[in-house]
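These values consider heavy atoms only, across backbone and side chains, with no hydrogens, waters or symmetry-generated copies. Since this is a predicted model, take the numbers as computed values, not measurements.
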Amino acid sequence: MEIFLIAFALAMDSVALSMASGSKCEFKFNVVLKMAFIYGFFQALMPFLGYILGLSFVNFIEKIDHFIAFLILAFLGIKMMKESFQTQDKNEQKDVCTKDFILGGIATSIDAMAVGVTFSFEENNILYLISIIGIICFILCIIAFYIGKKMGEILESKAVFLGGIILILIGTKILLTHLGIFSL
């Protein structure tokens, strides 16, 4: 049961990003699957890397992961906020960039590497653990995309702007938490 709670918690940043994408994009279902797969993949990959590389690498990453996550999320958030002021034909297909999905996947999952280190403290089936993490993230991201799509229809460009603000706030929370200024 604990792994499901961990997976759910790790997926929340990816879920927020998926919801923001849903509010601004008219993706076909195969693109939604691609997005969710990429986010789930990175949510599973980072704990695996933490598990494999061990404490020495994580000590280095812990010193900069919050800056990396903040910069990527702030970049994506500002980009979304800027896009919210641009008019777009409702029938126009948003140009999908896999690079944006990958950047978002990395930014929202880099903290999960530390979780992988904790997995290495005990005898765990790492493939089982990361599979659960990836699958939970995948499913939640698909659901979040369609929630964001409904929210976007109601709020139009305000939802995109709000999504950008949410990304910046998530990045700021990550940064402030790791700097010890803010705690949960």
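With sequence neighbours left out, Thr172 forms a side chain to side chain contact (heavy atoms under 4.5 Å, CB included) with Phe70, Ile168, Leu176. Legend: residues meeting side chain to side chain contact (heavy atoms under 4.5 Å, CB included) with Leu45, ordered by chain and number and at least two apart, are Phe41, Phe42, Leu49. Applying the side chain to side chain contact (heavy atoms under 4.5 Å, CB included) test to Asn125 and every residue at least two apart in sequence or in another chain returns Leu127, Tyr128.
Under the side chain to side chain contact (heavy atoms under 4.5 Å, CB included) rule, Ile38 has a single partner from Ile102, Ile106, Leu33, which is Ile102.
The heavy-atom pair separating Ala7 from Ile132 by the smallest distance is CB-O, 4.1 Å.
Aromatic ring pairs are classed by plane angle as parallel below 30°, tilted from 30° to 60° and perpendicular above 60°; the pair Tyr39 and Phe101 is perpendicular.
Atom CE of Met19 is separated from atom CE of Met12 by 8.5 Å, given to the nearest 0.5 angstrom. Separation of atoms CG (Leu17) and CG (Leu103) is listed at 10.0 Å; rounding is to 0.5 Å. Rounded to the nearest 0.5 angstrom, Ile3 CD1 and Ile6 CD1 are separated by 5.0 Å.
Applying the side-chain hydrogen bond (donor to acceptor under 3.5 Å, both in side chains) rule to pairs touching residues 101-110 yields Ser14-Thr108, sequence neighbours excluded.
With hydrogens and angles disregarded, a donor-acceptor distance shorter than 3.5 Å links the side chain of Gln43 to the backbone of Leu10.
In this structure, Tyr146 and Phe29 have side chains that are in contact, with non-hydrogen atoms separated by less than 4.5 Å.
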What donor-acceptor contacts under 3.5 angstrom involve side-chain atoms of residues 133-143, with partners at least two apart or in another chain?
none

